[in-house]
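Remember, predicted model here, so these are calculated numbers, not experimental data.
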Amino acid sequence: MGTRGSRQDMLRTAVREAVAEVEITDVHTHLYPPAFGDLLLWGIDELVNYHYLVAEVFRYTDLSYEEFWQMSKREQADLIWRHLFEQNSPIGEACRGILTTLHVLGMDVAARDLASFRPYFEQTTVDEYVDHVFEVERIKQVVMTNDPFDDRERECWLGDYKPDPRFRAALRIDPLLNGWPTAWQRLEEWGYGVGEELNAATVKEVRRFLTEWVERMDALYLAVSLPPTFAFPEDSPRGTLIRECVLPVCEELDRPFAMMVGVKKLVNPELRDAGDSVGKSDVGVVEHLCAEYPKNKFLVTMLARENQHELCVAARKFRNLLVFGCWWFLNNPSLVDEITRMRLELLGLSVVPQHSDARVLDQLIYKWTHSRQTIARVLCEKYADLMATGWVPERMEIRRDVENLFGGTFWKFLEKKL
Ligand code: FIX
Ligand code: ZN
């Protein structure tokens with residue numbers, strides 16, 4: 001690679017090309033294959049109605065919550081567009097994201113006319129559109145969030161669903177761990193011999209429930225979101241279920257337990273999905289789990305910015321811990337930049353820098369376009385620092401590293417023998 005200046009340029013080109021061309025495994029989304037019907041959200045009105053924007057529109061509109069929720073999706077989208085795109089510059093990340101998606105899809109963003117974007121989505125089928133979005137953003141596979149307590153989703157899994165290899169499953173167990181007082185009654189309804197008391201018989205049946213659903217879905221991991229107050233060990237149904245059911249089943253089936261820690265649910269219930277907030281969590285709980293259960297794998301993302309450094313250090317101590325994603329309120333360019341930089345410095349490439357958390361199919365386009373840009377920028381600087389020592393990274397090495405960051409590291413962790 002030529003003179004210092006040209007070497008820098010060639011390095012930047014090599015990194016940008018590798019990041020732009022890598023096929024992504026998106027380890028956490030709320031997307032579904034077309035076979036799951038309207039569980040899969042897509043199209044311009046769903047994009048504009050994303051709960052991130054619902055939260056933001058209420059900073060402007062005087063409309064009551066009731067009046068808003070009584071509106072149709074299209075009326076809600078028109079209102080959001082008026083306040084967040086016409087009457088104020090769409091400078092926020094979630095607003096900019098919609099414009100990035102429309103731009104990548106080749107639409108005339110400068111027209112600023114929401115109605116003019118709708119025909120595009122009306123003229124395509126969901127199958128064509130899934131193919132197109134996966135191709136445009138070079139998405140190899142997404143991991144879903146599959147909740148057997150959601151009746152619409154249950155029906156799909158208990159029906160004749162033929163798995164779509166682009167959509168891998170993850171068994172989501174929030175209702176089981178965070179709502180046992182009602183969850184056990186559903187398990188009983190479904191024929192499991194459980195009672196509210198977590199005695200040996202109930203524990204055995206909960207293990208059967210988890211095992212059957214992991215196998216039915218061929219779930220890659222079991223996942224739960226947890227509050228900032230999450231503690232373990234804990235004298236609670238959640239503490240007992242994790243110790244007696246989740247961890248033993250995960251170890252037996254060699255599936256990671258994914259913990260998404262730090263969400264304060266519904267601090268403003270009127271905002272529905274947009275009503276959740278964040279709180280600092282105790283990283284010591286993650287360290288304790290990794291230390292006490294060395295045969296278990298833990299996938300962890302934390303919602304509070306303040307937890308990111310400690311979490312990186314915890315991952316330096318435990319090889320059964322894989323840190324993933326800049327979750328939710330962290331998925332903003334300035335924070336993705338800061339967190340990715342810190343993670344590469346403390347963990348090298350043994351991290352999953354990002355997941356999309358896409359709730360609407362079209363979001364795969366902007367969330368990955370923005371994250372690719374930020375991660376490529378950070379990587380360029382990291383490799384440039386490397387080159388300043390005389391260690392010249394080869395193009396193939398950069399491609400190898402990038403493939404690991406955008407999927408390889410995740411798959412290797414799943415295959416890892418502890
Ligand atoms: O718990 C989760 O999986 C969260 O990602 C969601 O509940 C959240 O509403 C979201 O969409 C974040 O981006
Ligand atoms: Zn999510």
**Q** Could you list all the side-chain hydrogen bond (donor to acceptor under 3.5 Å, both in side chains) pairs where at least one residue sits in residues 408-418, not counting sequence neighbours?
**A** T25-W411, D254-K417, N404-K412

**Q** Regarding T369 and E137, is there a side-chain donor-to-acceptor distance under 3.5 Å anywhere?
**A** yes

**Q** How long is the span from the CD atom in E306 to the OG atom in S281, to the nearest 0.5 Å?
**A** 10.0 Å

**Q** Please determine whether the number of non-hydrogen atoms from other residues, nucleotides or ligands lying under 6.0 Å from atom CG of D235 exceeds 12.
**A** no

**Q** Between K382 and E345, does any NZ, NE, NH1 or NH2 come within less than 4.0 Å of an OD or OE carboxylate oxygen?
**A** yes

**Q** Looking at D150 and R172, is any side-chain nitrogen of the basic one under 4.0 Å from a carboxylate oxygen of the acidic one?
**A** no

**Q** Counting C-beta onward and ignoring hydrogens, is there a side-chain heavy-atom pair between C312 and V323 closer than 4.5 Å?
**A** no

**Q** Who pairs with E403 by salt bridge (Lys or Arg N to Asp or Glu O under 4.0 Å), at least two apart in sequence or on another chain?
**A** none

**Q** Is there a side-chain contact between I24 and R372, using heavy atoms and a 4.5 Å cut-off?
**A** yes

**Q** Quick check on side-chain contact (heavy atoms from CB on, under 4.5 Å): which of L171, L210, I173 does P148 satisfy it with?
**A** L171

**Q** Which residues pass the ring-ring contact (aromatic ring centres under 6.0 Å, His included) test with F134, not counting sequence neighbours?
**A** F167

**Q** Measure the CD-CG distance between Q354 and N331 for me, rounded to the nearest 0.5 Å.
**A** 4.5 Å

**Q** Are L289 and L247 close enough that some pair of their side-chain heavy atoms sits under 4.5 Å apart?
**A** yes

**Q** For W328 and D276, does a side-chain donor sit closer than 3.5 Å to a side-chain acceptor?
**A** no

**Q** Does R168 have any side-chain hydrogen bond (donor to acceptor under 3.5 Å, both in side chains) partners at least two apart in sequence or in another chain, and if so, which?
**A** D218

**Q** Output yes when R74 and E122 qualify as a salt bridge under the 4.0 Å nitrogen-oxygen rule, no when they do not.
**A** yes

**Q** With a sphere of 6.0 Å drawn around NE2 of H132, does it hold more than 12 non-hydrogen atoms of other residues, nucleotides or ligands?
**A** yes

**Q** Do the side chains of D131 and R166 get close enough for a salt bridge, i.e. N-O under 4.0 angstrom?
**A** yes

**Q** Between CG of L105 and CD1 of I365, what distance do you get to the nearest 0.5 Å?
**A** 4.0 Å

**Q** Is it the case that D357 and H30 place a side-chain donor and acceptor less than 3.5 Å from each other?
**A** yes

**Q** Can K73 and E46 be counted as an ion pair, charged N to O under 4.0 angstrom?
**A** yes

**Q** Side chains of P175 and T182: closer than 4.5 Å at any heavy-atom pair?
**A** no

**Q** Side chain to side chain contact (heavy atoms under 4.5 Å, CB included) for L39 and E153? Distances and angles first, verdict last.
**A** CA-CA 8 Å; L39 275 170; E153 180 160 2; 4.0 Å; yes

**Q** Tell me whether R316 contacts the main-chain N or O of L346 through its side chain, where contact means a donor paired with an acceptor under 3.5 Å.
**A** yes

**Q** Looking at V360, D362, L361, which one forms a side-chain contact (heavy atoms from CB on, under 4.5 Å) with L364?
**A** L361

**Q** If we only count heavy atoms from C-beta on, is the V19 to L405 side-chain gap below 4.5 Å?
**A** no

**Q** To the closest 0.5 Å, what do you measure between OH (Y366) and OG1 (T100)?
**A** 9.0 Å

**Q** Using the rule given for salt bridge (Lys or Arg N to Asp or Glu O under 4.0 Å), can you reason through R341 versus D337, listing the C-alpha separation, both sets of side-chain angles and the distance that settles it, and then say yes or no?
**A** CA-CA 6 Å; R341 206 172 282 280; D337 183 291; 2.9 Å; yes

**Q** Would you give the length of the straight line joining atom CZ of F68 to atom CG of N49, rounded to the nearest 0.5 angstrom?
**A** 5.5 Å

**Q** Is the shortest side-chain heavy-atom distance between H28 and L299 below 4.5 Å?
**A** no

**Q** Does one side chain, of D45 or Q76, offer a donor that lies under 3.5 Å from an acceptor on the other?
**A** no

**Q** I'd like a table of donor-acceptor pairs (distance under 3.5 Å, sequence neighbours excluded) in which one partner is a side-chain atom from residues 55-62, with atom names and distances.
**A**
{"residue": "T61", "atom": "OG1", "partner": "L63", "partner atom": "N", "Å": "2.9"}

**Q** Examine distances only and state if a side-chain atom of K265 and a backbone atom of V263 form a donor-acceptor pair shorter than 3.5 Å.
**A** no

**Q** Could you give the distance from NZ (K367) to SG (C326), rounded to the nearest 0.5 Å?
**A** 11.5 Å

**Q** Could you check whether Q308 and R343, counting side-chain N and O atoms only, form a donor-acceptor pair closer than 3.5 Å?
**A** yes

**Q** Using 4.0 Å as the upper bound for N to carboxylate O, is an ion pair formed by E252 and R207?
**A** no

**Q** As a test of understanding, state which of W157, W184, F209 forms a ring-ring contact (aromatic ring centres under 6.0 Å, His included) with F149.
**A** F209

**Q** Give the minimum heavy-atom separation between P90 and F85, together with the two atoms involved.
**A** CB-CD2, 3.5 Å

**Q** Salt bridge between R208 and E212, side-chain N to carboxylate O under 4.0 Å?
**A** yes

**Q** Does the side chain of L187 reach to within under 4.5 Å of the side chain of E205, using non-hydrogen atoms?
**A** no

**Q** Can you list everything that forms a salt bridge (Lys or Arg N to Asp or Glu O under 4.0 Å) with E67? Sequence neighbours excluded, please.
**A** none

**Q** Taking atom CD as the centre, does E155 end up with more than 12 heavy-atom neighbours from other residues, nucleotides or ligands that are less than 6.0 angstrom away?
**A** no

